[in-house]
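Here's the structure, in structure tokens; my notes come after.
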Amino acid sequence: MLNIPGKLSHFKNPRANPALVYSDANKALLSLAKAAPVIASISQWPGYQETPLQRFSDLAKAINVGQVYYKDEGQRFGLKSFKALGGAYAVARQLQGLLATSGEAEPSIEQLLNGEFKEQLRDVVISCATDGNHGRSVAWGAQMFGCGCVIYIHRDVSDGRKQAMQAYGAEVIRIQGNYDESVKLADSEAKKLQRIIVSDTSYAGYMEIPKDVTLGYTAMLAEIVSQLQGEAPSHVFIQGGVGGVASAVCGYFWDLWGEHRPRLIVVEPEQANCLQLSAKAGKPVAVTGDLQTLMAGLACGEVSSLAWQILVDGVDDFMTLSEDSIAATMQLLAQGFGQDAKVEAGESAVPGLATAILSSQSSEYREKLGLTEQSRILVIGTEGATDPQLYQQLINS
């Protein structure tokens, strides 16, 4: 057995039904048809290339499953996170819409990239709150497409992540509260100062822009489907957070594969399990307090309203993972298991893989999740070493 420490908790979603048809209401939020133009747009950005889909065959043998696929987002656009796709795409859509309402025809991505509207966008300011990766994407998008950017971070965001956003020209403001408090402050300041909020979480009165953030993630999912070459996964272990990427994975694969879609397992930290608690309550529930977790990108206490509309019926299982699994799983990837590729993975990249490993080595969880020798597990390594100093500490601990 692999020596990965850790403790799991599990809740099977009573609303999940493999035969349930992906509804028209869900398709209005996210679908293959909506994703197609997004993928076409992002593929035109400078530096675009597919990120690798690793096949961890030796690891799969060790945990007695058919295959483990690992989508490595650690080098996406040099930002080292899948979130490079969502935030920057939403920035582009907001600027295109703003220019169209000022009497111009909606500009193309090429025109924005070429700086044709530089003067019109000089005083436009995009803003958001972030744990790090989404803010980096928004800052990069604002710089790439030619507008200003102000980012709010909470007390637990590392200086390394703050500096990474500043490197893209963003003004970064740190508050002493938690993530959800930074979201509220960014929103109120934006209303006062006429900034455009590009958030990856939705809430009452703020629904449209997070749709574009989530649609941006579908470029990654289209790559996965192509890279699988017809080998559809049986299980997907995906990190939770506010639910944005989980809803993209759920909706895209549900629309693509219908009743043959993979079993979807959402993974959260023990102290920030708003999705699991919401599933138990049958409605969105907030987790309050410090939300202390090493998995910084998942330190979220409130569910995205839009994401919940897809997740409430589409997720099969909600699980939590203890903190002691993270460094060990990062080390496993950094060293490479057997002949499997070595991978640089940040602390929020590994919860899905850690949970898959622990579940596969437990007779209890193999039964609960329907894991067998033929199971094909897909996990998404959502980030690389987005905080290089912390990364080195963890893989050498």
Side-chain angles (χ1 to χ4, degrees), residues 35-54 70-96 99 107-118 121 124 126 128 130-149 151 160-170 172 198 200 209 212-227 244-245 248-249 252 297 341-346 348-349 380-388 391:
V38 180
I39 296 161
S41 173
I42 289 174
S43 65
Q44 299 176 58
W45 295 359
Y48 171 77
Q49 60 182 13
E50 289 189 354
T51 55
L53 182 72
Q54 303 290 356
Y70 182 95
K71 180 63 167 172
D72 180 8
E73 289 293 294
Q75 298 303 321
R76 178 70 74 179
F77 284 115
L79 275 71
K80 298 194 171 188
S81 169
F82 81 101
K83 289 203 171 182
L85 299 164
Y89 177 72
V91 169
R93 291 299 300 145
Q94 284 304 296
L95 298 182
Q96 287 174 312
L99 291 167
S108 66
I109 286 292
E110 294 94 330
Q111 288 176 302
L112 285 180
L113 290 170
N114 291 338
E116 293 183 31
F117 296 90
K118 185 176 180 180
L121 298 176
V124 175
I126 300 286
C128 74
T130 186
D131 285 312
N133 290 340
H134 175 70
R136 192 180 310 200
S137 176
V138 169
W140 174 63
Q143 183 184 73
M144 179 165 55
F145 298 121
C147 65
C149 184
I151 305 290
R161 291 192 171 92
K162 176 183 178 181
Q163 292 161 12
M165 288 178 273
Q166 290 172 324
Y168 290 110
V172 182
V198 172
D200 57 351
I209 294 172
D212 286 330
V213 175
T214 301
L215 281 167
Y217 303 152
T218 62
M220 171 183 69
L221 304 178
E223 291 175 8
I224 289 173
V225 172
S226 174
Q227 291 166 326
V245 69
V249 170
Y252 193 85
K342 297 179 181 179
V343 172
E344 176 192 278
S348 294
I380 299 177
T382 50
E383 65 174 10
T386 54
D387 184 336
Y391 175 76

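Remember, predicted model here, so these are calculated numbers, not experimental data.
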Mutual orientation of the aromatic rings belonging to Trp45 and Phe145 [parallel < 30°, tilted 30-60°, perpendicular > 60°]: perpendicular
State whether a side-chain donor-acceptor pair under 3.5 Å links Gln54 with Lys71. no
Which residues satisfy the salt bridge (charged side-chain N to carboxylate O under 4.0 Å, His left out) test with Glu344, sequence neighbours excluded? Lys80
Give the minimum heavy-atom separation between Cys128 and Gly135, together with the two atoms involved. SG-CA, 4.0 Å
For a quick check under 3.5 Å, do Arg136 and Ser81 share a side-chain donor-acceptor pair by atom type? no
Between CG of Asp387 and CD of Gln163, what distance do you get to the nearest 0.5 Å? 9.0 Å
In terms of heavy-atom contacts, Val38 and Leu215 come closest through CG1-O, 3.4 Å
Can you find a heavy atom in the side chain of Tyr89 that is under 4.5 Å from one in the side chain of Val91? no
Determine the minimum heavy-atom distance between Ala248 and Tyr217, stating which atoms define it. CB-CB, 4.1 Å
May I have the step-by-step check of side-chain hydrogen bond (donor to acceptor under 3.5 Å, both in side chains) for Asn133 and Glu383, ending in yes or no? CA-CA 8 Å; Asn133 290 340; Glu383 65 174 10; 2.7 Å; yes
Judged by atom type as modelled, is there a donor-acceptor pair below 3.5 Å linking the side chain of Gln111 to the main-chain atoms of Ser108? yes
For residues Leu79 and Tyr168, determine if any side-chain heavy atom of one lies less than 4.5 Å from a side-chain heavy atom of the other. yes
Heavy-atom donor-acceptor pair, Thr51 side chain to Glu73 backbone, under 3.5 Å: no
To the nearest 0.5 Å, atom CG of Leu85 lies from atom OG1 of Thr214 at 12.0 Å
Working to the nearest 0.5 Å, report the span between OG1 of Thr386 and CZ of Arg161. 3.5 Å
Which atom names give the shortest non-hydrogen contact between Phe117 and Pro107, and what distance separates them? CE1-CB, 3.3 Å
Close side-chain approach of Val245 and Phe82, heavy atoms under 4.5 Å: yes
Note, Thr130 side chain near Asp200 side chain (heavy atom, < 4.5 Å): no
With a 4.0 Å cut-off, would you call Glu50 and Arg76 a salt bridge? no
So, the side chain of Ser43 versus the backbone of Ile39: is there a donor-acceptor pair under 3.5 Å, distance only? yes
Does the side-chain contact (heavy atoms from CB on, under 4.5 Å) test come out yes or no for Tyr70 and Ile380, once each step is laid out? CA-CA 6 Å; Tyr70 182 95; Ile380 299 177; over 6 Å; no
Using modelled atom types only, decide if a donor and an acceptor are shared between the side chain of His134 and the backbone of Val198 within a distance under 3.5 Å. yes
Where the side chain of Asn114 meets the backbone of Glu116, is there a donor-acceptor pair that is under 3.5 Å apart? no
Is the count of non-hydrogen atoms from other residues, nucleotides or ligands lying under 6.0 Å from Gln49 atom CD greater than 12? no
Between Ala170 and Ala139 the two heavy atoms that sit nearest each other are CB-CB, 3.8 Å
Give, for atom CD of Gln143 and atom CE of Met165, the distance between the pair rounded to the nearest 0.5 Å. 14.0 Å
Sub-3.5 Å donor-acceptor pair from the side chain of Thr218 to the main-chain atoms of Leu221, do we have one? no
Main-chain N/O of Ser348 paired with Thr382 side-chain donor or acceptor, under 3.5 Å: yes
Euclidean distance, Met144 CE relative to Ile109 CD1, rounded to 0.5 Å: 7.5 Å
Distance col, row Cys147:SG vs Ile126:CD1, nearest 0.5 angstrom, shows 4.5 Å
In terms of heavy-atom contacts, Trp140 and Ala84 come closest through CZ3-O, 3.7 Å
